[in-house]
Each structure stands twice: as C-alpha cells, then as structure tokens.
Amino acid sequence: MVDYRTVKSVAVLEVNNPPVNALSYNVRQGLQDGIERANKDKEIKSIIIIGKGRTYPAGADISEFSKPHKGPNLIEVGLGIESSRKPVISAIHGTCLGGGLEIALFSHYRIALESAKVGFPEVALGLLPGAHGTQRLPRVAGMAFAMEIITSGRHVSAREALQHGILDKLVKGNLLSESLDFAASLPFSVPHNRRLRNVPAKGAENADRIFEVALNKVKQKQNGFIAPINCLKAVKAALLPYEEGAKIERELFMELLTSGQAKAQQYVFFAERAATRWYVSNEKNQKKCSAVPVKTTGVIGAGTMGSGIVVTLLRAGLPVILVEQDSQNLERGVNMIKGILQGSVNLKRMTSQQMNKCLQQLTPAQSLDSLHNVDLVIEAVFENLKLKEEIFGKLDEICKQQTILCSNTSTLDIDKIARATKRPDKVIGTHFFAPAFVMPLLENVYGTKTSGETIATVMNLGKTIRKIPVLVKTCHGFVANRMLARYQTEASFLLEEGCLPHEYDQVMEEFGFPMGAFKVGDLSGLDIGYRIRQELAKANGYTVTTDTRYIQGERFSSLADKLYELGRLGRKTGKGWYKYDRPGAKEAFVDPDVTDIILKHCKDAGIIRRKISTQEIVERSMYSSINEGFRCLEDGVASKPEDIDVIWLHGFGFPRYRGGPMYYASTIGLAEVYDRICYYHKTFPESSYWVPSDLLRKLATSGRNIPMSDWSTAATVNKSRL
Ligand SMILES: CC/C=C/CC(=O)SCCNC(=O)CCNC(=O)[C@H](O)C(C)(C)COP(=O)(O)OP(=O)(O)OC[C@H]1O[C@@H](n2cnc3c(N)ncnc32)[C@H](O)[C@@H]1OP(=O)(O)O
C-alpha cells in the first residue's frame, strides 16, 4: 500500500491504494514504517510522500469508520512525520483532501502540480478535520480562511492554496522529478518554523469577530448541522497552546464521530455513489450496457421547465435546438434562458464569454422538423398524456432512427408514451426537478421496453450535465411524486384537523427541510397541483369541486382548490397559503384571510379542530411517505433504499444529516415505524395509503434488525427466510 524506494539520498514513499489512495490501515502503517526506516538510514537526507495514480491521498478511508480501529491512527502517523529529523516533502497532485491534507500539513514542505486541489471535506461527512487539521490550517492560512475552508468543505485550487501559504511551491511537468530537485535544495535539518506546531495561528487579533461572522453564516447556510459549529470551535482553539488546542479538537471530533448526523452523512456519501449504479435485469445493467454518444440535443417546450433544462444542457457544452410552436412563448423562453445565464455571470459562476459560448449553441425553432438529426430529445410540455402521445408519435416520424426520445413527465406512464412510437426501446423518462438548472436530481424512468443502451445513455447524460441520476421503473408518479403525494396529502389533512400553514411549515423546517410544504406550494404555484388534480379526475372519470370530501371512497381535502379558485396561486400572485408584499416577493407572511378560509372550510365540513403535536406532524408526513417508499421497493419501482433517499435529498431538500427517509426509518427502528403506521391506519381508515406495506411488515416483524442492504431482496423472499 506504500511503496518505499530510494532515489539517490531521497526516500520516496509512494501511496498505492486505488482509486483515491485513501488512508486505510495499511497505508497509515506503511507511512509510519517508511518514515521510521528513512530516519534510520544514514544515506537518506530527505523524504518525499507522493501518491501513485490519479491522486495524493484524498482522505481517510470512509468505509473504515464503522469498523473497529486497527493500526496507528492518523495523528500518530502525522506526529511521526512532523518529528522526523529529516525534511519531509508532500508532493501533491489530484485531490489532497481531509486526512490527506493533514498528512501534508504534518510534512515540513508542500509542493504541488498546478492542477491539484486541496481541502477539508470532513464537514460533509458530519465531521471535522480531527488529525490536527483545525490546528494547523490556521497556522499557515490564518483564522478566517481556515474557518471558511473547513466549514464549507470546498476544494481549493493549488494557486489559491499557494496564495494562502498552504503550499510552498507549484510545479509543472513531472511531479516526482520536480520534488527531487526541491528536496536537493533543502537544508539537511528541519528548520523550527517548518514544524507547524511551533508557529502561532495567524489572525489571532481579530479571532472573536471572525468567529462570530463565521458562526452567523453557518447558522444561516447550514442550519441544523452540528459539524460546522464544532469545526469553528475547533479552529478557534488554535489560538491556545498547540497541545491544548489539539485536545479540544479531539473532544469536538469525538462528539461528532458518535453523533447520528455523522453516521447519516457518511451513509449519504456512499448512497449517492450507489444510486448512480443501476441494475434492471441480467441483461440490462450498468456492467453490460454501454451508453451511445450524445453530441446534439433538442428540447420541446419553452416554459419554465423546458428553459431550465436547456440551460442545464448548454452549461454542459451540449448544443440544443429549442422547439416551441408559439413564437411569443419561444421568445419568452429564450429570454428566460438568457436571464438565467446572465444571473450566473452576475454571481460569478460563469464568465460573459462562457455565457456567449452557451448562447451560440442554442437554436430556437418553431417546428419539430428541426429535430430530425439530433441524438436525444427531451420533451417538456404541459403534463397531458394525449399531447405527449401526439408529440412522441410525430418525433418518431421525424427523428433519425437512433434518436433517444425522453419525456420530462413527472407522473405519466412511460409505457403509454412509448406506445405512441415504433421505437419503445428508445423512449425513457428524464424527470428534472424545478428549477431544473438548480436542482441536482435527475429521476430517470424506464418503461417495460426501454433498452439497456437507452438507460445507460441517460444515466451517462445525467453525469455529463452534472446531475445526480437515479433510475426507477415507470408507474404513476414514479418514486419522487408517488411518495411526495402522501406527504402533501397528509399536510393538507393536518390543516383540516387543526394546524395552520405556518405552524405546519415551522415543524417541518425544524425537522430540517429548507421549506415546509405550504411554502413550497406557494413557490411552485397552486395552479400546478390544481391542474394535476383536474387532469387526474378527467383521466379517471370523476369530478373534483371545492365541495368534494371523498374521491372514490378516499378522503380528499379541497382546501388547496379553494385557494386556487380565489386566485391565490402563490408567490406569483402575491397570495397563496401566505401573503407577500408584492407578486413574486420571497418573504412569506401569515395571512389571517387564509386562517379564515381554513376555519370556514372546517366549519362547513363539520370538522372539529384540535391541537396537533409536533410528533404527529412529523410522523404523519414522514411515515406516510416511508410506507409508500417500502411499497416502491416491494413493486420494484425503486431497486434499493439508497435510490429513494437520494431522490429525497436532491429532489426535495430532505435534511442530509438525517440521511433520507428510508435511512431515517432505519434509525427510528422499523418495528416502531410499523407500529405507528398501523396506528394511523386504524385512526384514518379512509386513507388507504396507511395500509402498512407488506415489505415493511415483513421486515418489522422478523424479530431481527435487517440491514438496509437486504431490504430489497427481502421484498422477494418469504418471511420464513428473514
Ligand atoms: C478518522 C476520521 C478521519 C477523517 C478525516 C478524513 O479524511 S474524512 C475523508 C475526507 N475525504 C473525503 O471526504 C473525500 C471523499 N471523496 C471524494 O470527494 C471523491 O471521491 C474524490 C476524491 C473527489 C474523487 O471523486 P470522483 O468523482 O473522481 O470519484 P468517486 O467519488 O466516484 O470515488 C471513486 C471511488 O472511490 C471511493 N472513495 C472516494 N473517496 C473515498 C474515501 N475517502 N474513502 C473510501 N472510499 C472512497 C468512492 O466511494 C468510489 O467508490 P465506488 O465503489 O467506485 O463507488
């Protein structure tokens, strides 16, 4: 894991632990042994630590965190490096992160390729840099920079790292030979100030103010997370004598390591990567199927969704033909695209040149015929099956044989859309989340006949356009909206039973969602839900009015429709579940008119309102969704719980520190979740979604704690084997 070799009077310790040279037990042991050996060897004058392959160590081995500790820990290895009598040089390329950067900061010198990046991403894992990283970074880069880097976890370019004193030298070309030349230029002994423990932290004079500013920022941007706060406290402790600061860092680290948040965030790290791996059958899976290249694209529909999708494709360097029949709508769409890109320029996320390059790749058009030669088309028109079938039928005629036809439908059956074509194997759902140029999730939806090649292509496209692609099987609402429907329905029933919108939202925001369901409703527009309900009614042959209390025997709340009919469409009309200073304003205020509407609605329906506890709000919102999540696993619509969690994390802003709804259920305990679902089923028999999922019942009553990795297989085995 660490190859030891000598080049003249230099010992080269080459870390060899692909893919990212994580500091696993064998690597730590190898580094410790290598430093000792080099110090004992009279011929050796200096030591270089370097990574083989794509990177310098990118951090500790995260998969070891949940296992019993083995061998020297990072601090022991680091202290061995620092106390080496012979100069130690870290030669950095790729991503020098976390424990990797700590090893580099224990080294006496740091030299890097210009393309390298450094950073402390521990905060994303619910941790802090616990091998003295919080004590050493402020000593080279100052308190303010250290606080910013450690709480954000951002990767810093080598050039910026050089400016802040983290690196000593940037080089081009061959890193090892440059490092050997650098080693040859060093004195034989280690100067006092090259051991960072001997150097005071920079910026001590303003430390209190820097801390307060950083704390306020963290509370605003990372509300609910414990790690960033402990990171700040640890960095502040760098003002103390080294050993004292390191002791405080240890205490704060241990507090995090044993917290539920760190475990959840580490689960998310692996879940996000697992979600991009897909398997449908022995023939259709990631290993067997290859993507076809997508060099040209088309988008149909220049509304908010279509325009957002266009921006996403353009930003990834893909040319787009945007088709919208109506010239005014087309012009509006193009202006929206320009506006979004200009916004990115204003926020310094892209340069004007990059924006212009994107816009040169955009071709507005009014006829579907212009799509005859593109590799992939994404349809993003109004959610209406007939309309989509019509468009797909035409596309089938117009587009070249190989073109992949995607629909951005958020609920409709992909098989039905595919049946409108003679190429069902090339039809797939690509469900973006609004705003499409911001939200990271891409829910890819395969139909019965979708080919492995088509799936591979859109999964690949997801990565190309910097989204997190998750594959699910077609059904009404897929995974995201099928589960969300439960969550939203329960929210509306809770209003009828005793909550007010702001009370509900406050509870769910404290749970960790960035916005409660009613603020989200106002943001998306209450007309969206209204139209979906009307479409559904039409498709299923019933009518919905503001007096409807039951639909086909199921409880229904018409409160949202009442608001819609009053013209309260949300932020865009300045009134929805909340009121706003003006149409389009962001700040929501409690509206006594809405309270009156709710109270009258309840009175008319003969509903006696009651006080609803926080626990009930959270349980009914989450457990109804979780029950549906288990049904998705049971039906094979989702192939693993990680996929569901990633969908909620990146589609709905589920708090990362709770892992996702399925992980959250595992932390509560499936037996407890099942009991409560049974209770709500008994209490609300007129909502059939409270019938406990068979899979959940099997898992919860098995008498064993079945790991999440076995939940999907449990869906297909009988209870006696659990
Ligand atoms: C005792 C506690 C000490 C804590 C200090 C720490 O060091 S905590 C860890 C700090 N480091 C990180 O958080 C880095 C995590 N990794 C990344 O951010 C990225 O992997 C990368 C290094 C930027 C590379 O990104 P890229 O997109 O190129 O690759 P993948 O993310 O897909 O990763 C490739 C595979 O490697 C696995 N992996 C990556 N980092 C680690 C790690 N630190 N420990 C264990 N495994 C890691 C990753 O899971 C991928 O595996 P697959 O099986 O291929 O999915």
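Each ligand, and each atom within it, is numbered from 1 in the order the structure gives.
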Flag atom 27 (O) of ligand 1 as yes if some protein heavy-atom distance to it falls below 4.0 Å, otherwise no.
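No, no protein heavy atom sits under 4.0 Å from atom 27 (O) of ligand 1.
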Any protein heavy atom under 4.0 Å from atom 48 (C) of ligand 1?
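Yes.
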Is the closest heavy atom of [X] to ligand 1 under 4.0 Å?
{"X": "E64", "answer": "no"}
{"X": "F120", "answer": "no"}
{"X": "P121", "answer": "yes"}

Looking only at protein heavy atoms, identify the closest one to atom 41 (C) of ligand 1 and say how far it is in Å.
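Result for atom 41 (C) of ligand 1: V20 CG2, 3.7 Å.
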In the protein, what heavy atom is nearest to atom 53 (O) of ligand 1, and what distance, to one decimal place, separates them?
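For atom 53 (O) of ligand 1, the nearest protein heavy atom is R277 NH1, 3.7 Å.
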Looking at E64 and Y25, would you say the former's side chain and the latter's main chain have a donor-acceptor pair under 3.5 Å?
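Yes.
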Which ligand 1 atoms does [X] reach within 4.0 Å, using its non-hydrogen atoms?
{"X": "L125", "answer": "8 (S), 9 (C), 13 (O)"}
{"X": "F269", "answer": "15 (C), 16 (N), 39 (C), 40 (N), 49 (O)"}
{"X": "G99", "answer": "5 (C), 6 (C), 7 (O)"}
{"X": "P19", "answer": "35 (C), 36 (O)"}
{"X": "D61", "answer": "44 (N), 45 (C)"}
{"X": "T95", "answer": "22 (C)"}

Salt-bridge present (K247, E251; N to O < 4.0 Å):
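Yes, charged N to carboxylate O under 4.0 Å.
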